[in-house]
Asker: 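Take this structure, written in structure tokens, and hold onto it; I'll ask about it next.
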Amino acid sequence: MSQYNQHHIATIETTFSSGEEVHLLTQDTKEGERMLNVRVCRVAPSNTGHVGYTKKGFYLTKNETELLHEALG
């Protein structure tokens, strides 16, 4: 995690899928800014035994994060 200087901000329990949580992290970008990283983390093993971050997730820039915050009110 230290390669991109990630900082864990919060963990959100999910209702859409048991055994998964949403992690909010921030990390450095190549342009020297910070970016919000929203990731789904599997806490209960999958059929193959996988735990940890899934391929589900997305990144938001600071402006996109502010728009999301405004939309959520």
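In this text the structure is predicted, and so the values were computed from the model without any measurement. No hydrogens, no waters, no symmetry mates; every other heavy atom, side chains included, goes into these values. Nothing fancy with the numbering, it's 1 onward along the sequence.
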Asker: Please determine whether residues Val22 and Ile9 belong to a single hydrophobic cluster, defined as Ile, Leu, Val, Met, Phe, Trp and Tyr linked transitively by side-chain heavy-atom distances below 4.5 Å.
Answerer: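 Hydrophobic grouping puts Val22 with Ile9.
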Asker: Walk me through it: do Glu21 and His23 pass the test side chain to side chain donor-acceptor pair (under 3.5 Å)?
Answerer: CA-CA 6 Å; Glu21 8 178 82; His23 287 189; 2.9 Å; yes
Asker: How long is the span from the OG1 atom in Thr65 to the CE atom in Met35, to the nearest 0.5 Å?
Answerer: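 Going from OG1 on Thr65 over to CE on Met35, the span is 8.5 Å.
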Asker: More than 12 non-hydrogen atoms from neighbouring residues, nucleotides or ligands closer than 6.0 Å to NE2 on His69, yes or no?
Answerer: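 Not more than 12 within 6.0 Å, no.
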Asker: Report the distance from atom CD of Gln6 to atom CG of Leu25, rounding to the nearest 0.5 Å.
Answerer: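 CG of Leu25 is found 5.0 Å from CD of Gln6.
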Asker: Please tell me if the side chains of Thr61 and Glu33 come closer than 4.5 Å, counting only heavy atoms from C-beta onward.
Answerer: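 Side chain of Thr61 against side chain of Glu33, heavy atoms only: no contact under 4.5 Å found.
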Asker: Would a distance-only check, ignoring hydrogens and angles, find a side-chain to backbone donor-acceptor pair under 3.5 Å from Thr14 to Glu20?
Answerer: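 Judged by distance alone, yes, a pair lies under 3.5 Å.
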Asker: Applying a strict under-4.5 Å side-chain criterion to I, L, V, M, F, W and Y, I'd like to know whether Leu72 and Tyr59 cluster together.
Answerer: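 No; tracing contacts between hydrophobic side chains, which count when under 4.5 Å, never links both residues.
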Asker: Linking I/L/V/M/F/W/Y whenever any side-chain heavy atoms sit under 4.5 Å apart, do Leu60 and Leu24 land together?
Answerer: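 Yes: a chain of side-chain contacts under 4.5 Å links Leu60 to Leu24.
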Asker: To the nearest 0.5 Å, how far apart are NE2 in His8 and OG1 in Thr26?
Answerer: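 Spacing of NE2 (His8) from OG1 (Thr26) equals 10.5 Å.
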Asker: Under the 3.5 angstrom rule, does the side chain of Arg42 hit a backbone N or O of Gly19 as a donor-acceptor pair?
Answerer: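 No, the answer is negative, given that no donor and acceptor are paired below the 3.5 Å cut-off.
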Asker: With the 4.5 Å side-chain cut-off for hydrophobic clustering, are Phe58 and Leu67 part of the same group?
Answerer: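 In one cluster: no.
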Asker: Of all the heavy-atom pairs spanning Arg34 and Thr29, show the shortest one and how long it is.
Answerer: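 Closest approach of Arg34 to Thr29: C-CG2, 4.5 Å.
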